[in-house]
Amino acid sequence: MSTAGPAAKAHEWIAVLDFGSQYSQLIARRIRERRVYCELLPHTTTAEALRRRAPRGIVLSGGPASVTAAGAPDCDPAIFDLGLPVLGICYGMQLMGARLGGEVRAGLRREYGPATIEVCEAGLLFRTLPRQLAVWMSHGDQVETPPPGFRALARTETCPVAAMEDPARRLYGLQFHPEVAHTPRGAEILDRFVTDACGCAGDWKMSTFAEESIAAMRERLAGAHVLLGLSGGVDSSVVAALLHRAVGDRLHCVFVDNGLLRDREVEQVEDTFGRAFGIDLHVARAGPLFLERLRGVLDPERKRKIIGATFIEVFAEEARKLGDIRYLAQGTLYPDVIESISPGGGPSVTIKSHHNVGGLPPDLDFELVEPLRELFKDEVRRLGRELDLPDYIVDRQPFPGPGLAVRILGEVTAERVALLREADNRVQEEILKLPARRDIWQAFAVLLPVQSVGVMGDERTYENVVAVRAVQSLDGMTADWFRLPHETLDRIATRIINEVRGVNRVVYDISSKPPSTIEWE
Ligand code: XMP
């Protein structure tokens with residue numbers, strides 16, 4: 001498979017050179033929130049390559065290294081001669097200090113966490129801000145003396161140059177991180193750079209992205225047919241809506257009903273994509289096959305492997321029925337595209353494997369189309385709204401590929417899937433009533449492999465236990481259990497016990513990730 005390059009390019013954009021900070025993506029996000037398109041590029045990107053793509057400005061990100069160490073990540077020094085505004089953040093500022101003739105010193109002690117800076121000269125960056133500012137620091141090295149042409153704008157007790165600028169060359173440095181929430185006025189500082197220094201108008205709109213992306217796809221896919229594995233999740237749904245506008249009936253969607261989906265999920269996909277959009281949709285009803293293969297399997301990893309392999313098999317069979325198709329579309333998102341430096345020195349792109357329909361048999365050889373490669377999740381949701389997808393798809397929670405099977409501890413049987421689906425449906429209905437529902441990353445029911453004693457009427461029962469899990473999270477990597485109101489918990493428990501046969505006890509999962517995971521298997 002080969003991967004296509006980016007689809008649509010906005011005209012006005014900012015380049016962020018990545019020196020490895022955990023916050024690099026956050027810088028890109030913050031700039032896009034100012035409605036200016038922004039891309040993260042490897043720090044080795046040359047000045048010439050940047051000149052060709054003509055960004056309005058360049059940000060040098062933070063990074064874990066010390067500029068004073070041998071082999072520390074560097075940038076092409078010609079970047080400072082492009083005549084473009086450059087903002088160095090943390091490591092980026094230290095690099096700027098070192099490259100342009102200032103004095104950088106390994107810090108006597110690491111400064112990490114909240115700090116207050118004293119603004120001694122407003123310059124361009126602090127023009128609209130008070131003299132004292134709460135910021136988030138995370139550094140070991142610091143600029144002791146700014147390079148010639150620069151002046152210090154701010155300091156802390158331990159850091160003599162917490163910010164600097166060279167107004168003539170439009171070069172700026174911040175020792176702290178304006179992109180994190182712990183720097184409450186950080187967005188304004190980035191605004192000054194993007195708007196005032198770089199002159200960006202901030203007119204990047206989702207509707208423009210949609211139009212440009214559809215036009216680019218139409219051109220690239222002229223006359224060709226495209227296959228898409230539709231999962232019912234947000235990403236593949238948005239890809240479907242976008243590609244349908246670009247290629248119409250040359251888009252063919254395959255939806256594998258593995259029998260492990262949530263209540264009404266199959267019907268919703270058929271209603272939305274088959275009926276409302278009129279997309280050529282092929283639903284492979286393979287529930288019985290998946291259940292057959294899962295019979296007697298208890299081990300979570302084996303379950304996942306069986307489901308993954310069966311999915312590929314079913315998907316491939318459907319794909320073959322559709323004849324010779326050249327392109328395969330995928331809902332790869334920006335955070336999945338990890339740009340790293342290959343041994344040869346050039347940028348290379350790795351994609352997290354679980355987002356791929358990887359492992360297709362060799363007779364199915366496709367070129368990939370990834371129209372969401374440049375977008376973050378919330379941007380994909382905005383794009384979905386732009387393309388008239390209904391709220392129940394755009395606001396959908398993440399759902400694991402192996403579906404309800406990893407929420408049924410122990411053996412997966414048709415009865416247990418039906419029971420969990422019913423219980424989960426009660427959780428979803430109650431969560432939908434909450435004003436704070438958008439703060440919840442995922443909420444769902446889990447069927448435990450234990451039975452417990454209860455009493456209903458005059459009779460003792462010995463039935464299943466359902467666990468309810470609700471978490472808040474930014475990216476699924478870490479998560480905290482969600483403090484659901486007691487009334488909501490009460491309604492969920494009462495409804496599950498009264499309305500779902502075979503359950504006599506409901507418990508609430510109050511563990512965070514780490515050390516627990518979001519899913520139970
Ligand atoms: P864990 O359980 O590892 O889950 O904390 C983190 C996030 O990933 C989702 N998840 C999956 N998504 N295929 C997927 O597409 C999978 O096999 C899979 N397993 C877990 C999970 O729902 C949560 O959002």
Side-chain angles (χ1 to χ4, degrees), residues 228-240 254-263 265 269 290 293-294 297 299-315 329-338 351-360 370 372 376-378 380-381 393-409 412 417 420-421 423-424 427-428 431 437-448 467-482 509-521:
L228 169 68
L230 194 56
S231 72
V234 184
D235 307 340
S236 64
S237 296
V238 173
V239 173
V254 169
F255 179 75
V256 176
D257 174 6
N258 59 9
L260 303 165
L261 300 167
R262 288 163 292 185
D263 192 38
E265 213 162 349
V269 166
F290 280 82
R293 301 240 173 116
L294 287 169
V297 178
D299 177 64
E301 272 312 299
R302 266 199 71 209
K303 276 187 194 171
R304 280 173 178 275
K305 288 218 169 74
I306 290 169
I307 294 167
T310 310
F311 176 88
I312 294 289
E313 202 180 302
V314 174
F315 183 82
Q330 284 192 347
T332 315
L333 303 193
Y334 200 42
D336 305 328
V337 181
I338 305 155
I351 297 161
K352 281 186 209 163
S353 59
H354 76 268
H355 286 274
N356 269 326
V357 185
L360 282 174
E370 299 177 305
L372 311 181
F376 291 103
K377 191 82 177 186
D378 57 320
V380 173
R381 292 190 207 276
I393 287 184
V394 172
D395 291 331
R396 187 158 267 177
Q397 298 169 358
F399 186 64
L404 297 179
V406 290
R407 297 177 181 170
I408 295 174
L409 279 73
V412 180
V417 172
L420 179 60
R421 195 176 276 144
D424 187 67
V427 176
Q428 303 311 330
I431 294 293
R437 62 183 177 276
R438 288 216 166 99
D439 299 336
I440 299 175
W441 172 262
Q442 275 171 298
F444 52 87
V446 180
L447 181 55
L448 304 189
V468 174
R469 179 102 165 115
V471 295
Q472 57 187 33
S473 172
L474 285 175
D475 49 15
M477 301 297 285
T478 61
D480 193 12
W481 62 279
F482 193 83
D509 180 351
I510 53 167
S511 23
S512 294
K513 172 182 179 175
S516 300
T517 50
I518 295 175
E519 303 292 344
W520 276 48
E521 281 195 343

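Indexing begins at 1, ligand by ligand and atom by atom, following the structure's order. Because only heavy atoms are used, hydrogens play no part in the values below, and waters and symmetry mates are left out as well, while side chains stay in.
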Looking at ligand 1, does any of its N/O atoms fall within less than 3.5 Å of an N/O of [X]?
X    : answer
Q442 : yes
I518 : yes
P402 : no

side-chain contact (heavy atoms from CB on, under 4.5 Å), paired with T310, selected from I307, I312, I306: I306
Atom indices of ligand 1, in the order listed, that fall short of 4.0 Å to a heavy atom of [X]:
X    : answer
G476 : 6 (C)
R304 : 16 (C), 17 (O), 18 (C), 19 (N), 20 (C)
W441 : 24 (O)
G401 : 13 (N), 14 (C), 15 (O), 16 (C)

Can you name the closest pair of heavy atoms from V234 and R381 and give their distance?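 In terms of heavy atoms, the two residues are closest at CG2-NH1, 3.5 Å.
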For A445 and V427, which heavy atoms make the closest approach, and how far apart are they? CB-CG2, 4.0 Å
Please identify each residue that fulfils side-chain hydrogen bond (donor to acceptor under 3.5 Å, both in side chains) with Q397, with sequence neighbours left out. none
Check whether any side-chain N or O of R262 sits under 3.5 Å from a backbone N or O of D424 as a donor-acceptor pair, and report yes or no. no
Any sub-3.5 Å donor-acceptor pair from K303's side-chain atoms to A405's backbone N or O?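 Such a contact is found between K303 side chain and A405 backbone.
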